[in-house]
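Inspection log for the structure reproduced underneath, given as structure tokens.
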Amino acid sequence: MTTMAELTRRGIIGIVKVKHPPVNALSYGVRKGITECMKKAESDPAIQAVVLCGDGRTFPAGADISEFGGKFAEGPDLRSVLVTIENLRKPVVAAIHGTALGGGLEVALSCHYRLMHTTARTGFPEVALGILPAATGTQRFPRVTHLANAIEMITSGRHITAKEAHSKGIVDKLVSGDIIQEGVTFANDIASKPYRHLMVSTRPVIGAENAQHIFDEARKRLASRAVGGPIAPMMCLKAIEGAVKMPTFEKGIQHEADLMYLLMTSGQARAQQYAFFAERAVSKWELPDGKTNSRNTKPKAVKTAAVIGAGTMGTGIAMTLLSRGIPTILIEQDQKFLDRGVAAIGKLIAYQVNKKRITKEQAQKLHTLLKPSLHYADLKDVDIVIEAVFENMDIKKTVFRKMDALCKPSAILASNTSNLNIDEMAAVTKRPGSVIGMHFFAPANVMRLLENIRGRQTSGETIATVMDLSKRIGKVGVLVGNCYGFVGNRMLHMYGAEASFLIEEGCLPHEVDQCIKVFGFPMGFFQVADLSGLDIGYKARKGLGLIGKGLPERFRFGQRYSPISDIMVENGRLGQKSGKGYYNYGKIGGRVPERDPETEELILNFCKKHNIQRRRIAPQEVMERCLYPLINEGFKILQEKIATKDEEIDTIWMTGYGWPRHTGGPMYYARNFVGLPKIYERLLYYKAQFPDSKHWEPCELLRKEAMQQAKL
């Protein structure tokens, strides 16, 4: 095995440097290497103090997540390494640069002193993986920072800056020079000083005198978010509680280990770790032909960009590009709309300054990168153009013709459509290979998902470029095929249809939404619809011919149809933007949803008009009817090769639609929490109950896999 840690000496100071690029993850080789180097340093009489650091770009960044759920290699576990460091008969200084997260921070806490570069960051992200800092992190951390700080950081998984770490007492000193030299200088100063009292395991918990109040408040805060949520935050709290209540440090460690075992054997931890890997897997794209993929296709350079349309989506997309240093032209056809868009971007930049995320100088740089324009001719030199105009095919075709005529031959032409046919847009250009969909999610400068849609003729180079750009602008890019609604919205349509049928049959909007929130979604379907604007869906349905005179009120194209949302829009109830939708928001633009008697009366009147006998519907039925058609559609999407793997569908739903990560996304949930035989059985049951809804017809791929799983 290649040495993953080395011991060198500068005068009386030993330097233990971890060498496991790119992030010096604490794999078996690193753990073994640190242990061996520490023992060598201890036995070398010429060494009086030790500096522990990382080679390359970071201090050990954290645990090796590839070892999770598997068998650890023979050798020291991380807790053993920490005991070796803390009990060394010479002082050890952690010299932290880059990131020290999770296990990396636990290593630092086992050292007697901690130095941190001013650009470094630290934290305990384990909770996002469904676990807790189980290499003594929950026991050591409240002994270096106040108990309330420890609870907040561990239960949230929040990363903090070096400045905040220093203010909270987590590190002893901030440095801005070469981290190793700074560590050596510091170590020379303390080499002859007593240090055993600095062993974190021997210190008292800071704030223990108010522990009961602190824990009670934390428990209330976590409980308010716990319904339908992950169990890891509460388990983290219980582990930290052990640091106060257990009679010894060793007993606290055992308590921590017991809780970690509970989490590691829970379905939630496995789901959250799957989600972690799924998000990384989607960057490794491949076309259905199996020949073109991320490994054999190189992206083009994108140095300049343009966005057409200065509305909410256009300004959000422009802000995203500007934030990553990409000069961006913002095109509008009307000066008033252009000015409004520029002002909106100005507000977004000012917000970043007010939040101290960027400096005034950086804000000024962003302003200089933006070029507002009324002239399509200014597109002539850009590398990529993203249109974000009204969701209407005729308008988009007009825009694509202009882009094609005026952009340089190598430019990529992209559409921010959420539903429409990419091939139809590409067909009006002379460069269909350079046309692609880039479906940003609102607000575009905040939401992480970017659904990239390949057309029938989209080239591998265009795909590679857009996927590379997605990563560069801080998005999770997922490549999908071309169909109405693509992946996310296509599945959402099934969910929305059943949610609407449920309020016809007996539920009220808040009852459906509550069931979905208990499952773990941050908002239910009707609250999301109000947030997006009910008129958006109305216009889309009108464009599909689902709304118009002479149509049967409860059927469209031979299938069951609920017109309740249409009736809401036609009565001026557009959601938050009008102050009323499925809920009452108190004022135009209000954010707090309240039950609305007018909405409920509208629903009841509709049922009375159509002689619908309303009934009590159990929460389990609500959940199954909302989620199972969505899952069935996911299998159809795989079968049609619109998506090529589960991870693409799951990542889209977790990052763009709020699917709870502790259930791993719809496909993972179906396979691992419910089981495909059960899903298949319930699809058949509801198909018999509702024969006029084709989405209950089980997908053939799902049927086959359910049969295979049943045999196993």
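The structure displayed is predicted, hence computed values, not measured ones.
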Electrostatic pair [X]:[Y] at N-O distance under 4.0 angstrom:
| X | Y | answer |
| --- | --- | --- |
| Asp423 | Arg456 | yes |
| Lys577 | Asp535 | yes |
| Glu391 | Lys396 | yes |
| Arg431 | Asp404 | yes |
| Lys284 | Glu648 | no |
| Lys580 | Glu594 | no |
| Lys397 | Glu424 | yes |
| Lys408 | Asp383 | yes |

- request: Step by step, work out the side-chain hydrogen bond (donor to acceptor under 3.5 Å, both in side chains) result for Asn24 and Asp55.
  value: CA-CA 8 Å; Asn24 293 320; Asp55 193 25; over 6 Å; no

- request: Apply side-chain contact (heavy atoms from CB on, under 4.5 Å) to Val389 and Glu387, showing your working.
  value: CA-CA 6 Å; Val389 301; Glu387 68 78 10; 3.2 Å; yes

message: Between Tyr657 and Tyr495 (judged by ring centroids, cut-off 6.0 Å), do the two rings come close enough to count as a pair?
response: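 So the answer is no for these two rings.
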
field: Ring-ring centroid check His493 Tyr484, cutoff 6.0 Å
entry: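 Between Tyr484 and His493, which both carry aromatic rings, the centre distance is below 6.0 Å.
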
query: Mind checking whether Phe521 and Trp659 have parallel, tilted or perpendicular rings, split at 30° and 60°?
result: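 Perpendicular, since the angle between the ring planes exceeds 60°.
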
- request: Establish, yes or no, whether the cationic atom of Arg490 lies under 6.0 Å from the six-membered ring centre of Phe486 and within 45° of the ring axis.
  value: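 Negative - Arg490 is either too far from the ring of Phe486 or too far off its axis.
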
task: Mind checking the NE2-CD1 spacing from His117 to Ile179? Nearest 0.5 Å is all I need.
output: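 The NE2 atom of His117 sits 6.5 Å away from the CD1 atom of Ile179.
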
message: Do Ile412 and Lys300 make a side-chain contact, defined as non-hydrogen atoms from C-beta onward lying under 4.5 Å apart?
response: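 They are in contact (side-chain heavy atoms under 4.5 Å apart), so the answer is yes.
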
